[in-house]
> 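Can you read through this structure? Questions will come right after.
Just so we're on the same page: letters track the sequence lines, and every chain starts at 1.
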Number of protein chains: 2
Amino acid sequence: MLNYSTSEENYIKAIFHLQHADGTVTTNELAGELRTKPASVTDMMKKLKIKKLVHYEAYHGFRLSNEGKKLALLIIRRHRLWEFFLAEKLRFSWEEVHAVAEDLEHVSSKKLIDKLDEFLGFPRFDPHGDPIPDSHGRIEASKQVCLQDLPLNKTATVGHVSDQSPAMLELLSHKKIGIGTKLEVKRKFGFDNSLEIKIRQQAPINISEQLSKNIFVKYDE
Amino acid sequence: MLNYSTSEENYIKAIFHLQHADGTVTTNELAGELRTKPASVTDMMKKLKIKKLVHYEAYHGFRLSNEGKKLALLIIRRHRLWEFFLAEKLRFSWEEVHAVAEDLEHVSSKKLIDKLDEFLGFPRFDPHGDPIPDSHGRIEASKQVCLQDLPLNKTATVGHVSDQSPAMLELLSHKKIGIGTKLEVKRKFGFDNSLEIKIRQQAPINISEQLSKNIFVKYDE
DNA sequence: AAATATTTTTAGACAAACCTAAATTATTTT
DNA sequence: AAAATAATTTAGGTTTGTCTAAAAATATTT
Ligand SMILES: [Mn+2]
Ligand SMILES: [Mn+2]
Ligand SMILES: [Mn+2]
Ligand SMILES: [Mn+2]
């Protein structure tokens with residue numbers, strides 16, 4: 001695996017995370033994620049296409065190539081191992097680890113990361129509960145959780161719906177919820193166990209207990 | 001302390017190390033050390049002067065300001081703490097630690113470094129025997145080692161002679177060895193524990209066991 | 001004290017990564 | 001199917017850090 005710049009790595013990682021929701025990622029989505037401007041994203045996509053890390057056709061979004069996916073998993077491996085190190089060994093708190101790992105993840109020595117992994121005892125989840133890819137880039141499916149059990153204000157992605165009847169699917173499509181939809185539970189009403197959820201920038205909507213029990217989500221990064 | 005780029009930090013650190021030899025550092029020296037070109041050094045010195053990290057007058061060399069010295073010691077602190085971590089915790093070998101620390105030293109979180117220091121038990125020397133500055137930038141004189149114990153081909157500077165009798169000093173001056181002499185041990189003969197040493201560009205000379213046991217040197221960076 | 005050699009700086013260029021503003025393409029509304 | 005809107009790309013510019021080649025300053029010889 002060749003060496004990539006910090007910027008290239010941040011783009012690749014961001015595409016990987018966004019891809020989990022949609023299939024292909026758009027210029028504006030990525031610009032938003034990276035707090036950069038759409039024009040900068042276009043510039044970078046041209047470069048990453050030449051380097052064969054993404055598939056990209058002008059005006060039609062992009063997705064990672066196999067090579068790109070491998071790189072993304074490597075960067076995520078580094079990031080999460082450092083997060084584990086910071087929390088476990090240096091006693092950083094839960095919320096502090098991310099910012100520092102954002103820098104450490106770009107130190108690219110393969111040996112460093114593999115030895116760190118060993119030193120830490122081959123941990124399988126980072127301090128946020130996200131799975132850590134192994135040295136071959138293999139990653140466990142992150143635990144799916146029923147929407148009823150998702151903590152408030154934690155963004156998650158719909159990964160599975162257990163009831164797939166037409167009635168259920170009709171309701172889901174009416175509420176614009178599907179596999180890959182990113183959402184957040186804002187409130188939980190004890191009276192009927194209904195949830196107020198927020199999808200992207202849209203206004204909050206309500207979900208009944210029956211519906212929420214059939215929706216399974218996985219935590220986002 | 002503000003944040004500086006990786007490049008700026010590498011320049012500052014290199015000036016600090018070169019300064020130990022001469023008082024002021026020249027454009028060509030620094031370009032050689034950093035494997036860059038003299039024109040690039042001039043460009044950077046103008047910038048570092050504006051940022052008040054160096055004193056610099058065109059055509060007359062440069063040296064670190066107090067602010068620059070503080071920054072250099074901070075970078076060296078990071079570098080050596082990471083070297084210690086790599087050797088001690090990740091079981092990297094002696095020679096491998098430097099290259100990786102060269103990258104890790106630029107991750108600038110103050111908390112990261114202070115917590116790392118604590119985790120490592122506040123080590124005072126890195127794996128090469130060089131002293132580690134404390135969190136206030138204070139640094140001990142570097143560890144002195146008997147010439148007999150100096151590894152082969154490691155440049156070092158004579159720092160102390162334990163026997164100071166006239167006979168000893170006569171022999172030393174004949175061999176042109178004094179405090180500050182830079183040398184390297186090229187061979188060690190098991191038969192009589194005599195050493196073949198090299199001083200600068202001169203032809204190698206021989207030193208008896210008795211003499212070498214009274215010469216103490218400190219490693220060069 | 002000139003002449004010569006060496007060192008250093010300047011001038012001008014380039015790649016990476018970003019930006020703003022304008023042009024283009026795609027999507028949605030009417 | 002136009003028109004209006006939104007998304008995306010292009011054009012052109014900036015900053016950082018590098019380079020080569022030429023000019024200027026300093027140091028060394030003669
Ligand atoms: Mn990052
Ligand atoms: Mn995490
Ligand atoms: Mn470095
Ligand atoms: Mn060292």
> Taking atom C1' of D:dT9 as reference, at what distance in whole Å does atom CE of A:M45 sit?
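In whole Å, D:dT9 C1' lies 13 Å from A:M45 CE.
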> Taking only residues two or more places apart in sequence or in another chain, which ones pass side chain to side chain contact (heavy atoms under 4.5 Å, CB included) with B:H174?
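For B:H174 there are no side chain to side chain contact (heavy atoms under 4.5 Å, CB included) partners, ignoring immediate neighbours.
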> Would you kindly give the CG-to-P distance between B:L48 and D:dT18, to the nearest whole Å?
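In whole Å, D:dT18 P and B:L48 CG are 11 Å from each other.
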> What do you reckon, is NZ of B:K115 surrounded by more than 12 foreign heavy atoms closer than 6.0 Å?
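Counting other residues, nucleotides and ligands, NZ of B:K115 exceeds 12 neighbours.
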> How many whole angstroms separate atom CZ of B:R35 from atom C1' of D:dC19?
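Spelled out: CZ on B:R35 to C1' on D:dC19 is 17 Å.
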> Base, sugar-phosphate alone, or nothing: which one does A:A58 contact when heavy atoms must sit under 4.0 Å apart?
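The answer is sugar-phosphate, as A:A58 gets under 4.0 Å only of primed atoms, P, OP1 or OP2.
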> Are the side chain of A:K175 and the backbone of A:N206 linked by a donor-acceptor contact shorter than 3.5 Å?
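Side chain of A:K175 to backbone of A:N206, a donor-acceptor pair under 3.5 Å: yes, one is there.
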> Over 60° means perpendicular and under 30° means parallel, so tell me whether A:F119 and A:F85 are parallel, tilted or perpendicular.
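Answer is tilted, since the angle falls between 30° and 60°.
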> Is the distance from OP1 or OP2 of D:dT18 to the nearest side-chain N or O of B:Y11 less than 4.0 Å?
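Yes, such a contact exists.
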> The side chain of B:A39 lies closest to which of these nucleotides: D:dC19, C:dT8, C:dT20?
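It is D:dC19.
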> Mind calculating the distance between CD (B:E29) and P (C:dT7) to the nearest angstrom?
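Taking atom P of C:dT7 as the reference, CD of B:E29 is at 11 Å.
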> Checking contacts here: which listed nucleotide (C:dA26, C:dT9, D:dT18) is nearest the side-chain heavy atoms of A:H60?
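Side chain of A:H60 sits closest to C:dA26.
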> Without decimals, in angstroms, what is the distance between B:Y4 OH and D:dT16 C1'?
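Atom OH in B:Y4 sits about 16 Å away from atom C1' in D:dT16.
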> Tell me what A:F62 touches on the nucleic acid: a base, only sugar-phosphate, or nothing, going by heavy atoms under 4.0 Å.
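No contact at all - A:F62 keeps every heavy atom at 4.0 Å or more from the nucleic acid.
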> So, OP1 or OP2 of C:dT9: does either fall under 4.0 Å of a side-chain N or O from B:Y56?
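True: B:Y56 side-chain N/O within range (under 4.0 Å) of C:dT9 OP1/OP2.
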> In whole angstrom, what separates A:M44's CE from C:dA15's P?
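From A:M44 CE to C:dA15 P: 16 Å.
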> Test the A:K111-B:F92 pair against the cation-pi criterion, namely NZ or CZ under 6.0 angstrom from the six-membered ring centroid and within 45° of the ring axis.
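Yes - A:K111 lies over the ring of B:F92, closer than 6.0 Å to its centre and within 45° of its axis.
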> Without decimals, in angstroms, what is the distance between A:K51 NZ and C:dA15 P?
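About 13 Å, once rounded to whole Å.
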> So B:S40, base contact, sugar-phosphate only, or nothing? Heavy-atom distance under 4.0 Å.
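Contact class for B:S40: base.
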> What nucleotide among C:dC18, D:dT26, C:dA21 has an atom nearest to a side-chain atom of A:T36?
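My answer, after comparing the listed nucleotides, is C:dC18.
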> Need one value for B:S7: base, sugar-phosphate or nothing, where a base atom within 4.0 Å counts as base even if backbone is also close, heavy atoms only.
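Sugar-phosphate, no base atom in range.
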> Looking at every strand, decide which applies to B:T27 at a 4.0 Å heavy-atom threshold: base, sugar-phosphate, or nothing.
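Contact class for B:T27: sugar-phosphate only.
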> Checking contacts here: which listed nucleotide (D:dA25, C:dT10, D:dT8) is nearest the side-chain heavy atoms of B:K46?
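So the nucleotide nearest the side chain must be C:dT10.
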> Distance check needed: D:dT14 P versus A:K37 NZ, whole Å only.
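Distance check: A:K37 NZ to D:dT14 P gives 18 Å.
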> With the side chain of A:D43 defined as its heavy atoms from C-beta on, choose the nearest nucleotide among D:dA25, C:dT10, C:dC19.
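Per side-chain heavy atoms of A:D43, the pick is C:dC19.
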> Given C:dT7, C:dC18, D:dC19, which nucleotide is nearest the side-chain atoms of B:N28?
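Closest of the options to the side chain of B:N28: C:dT7.
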> Has A:K213 got more than 12 heavy atoms of other residues, nucleotides or ligands less than 6.0 Å from its NZ?
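Counting other residues, nucleotides and ligands, NZ of A:K213 stays at 12 neighbours or fewer.
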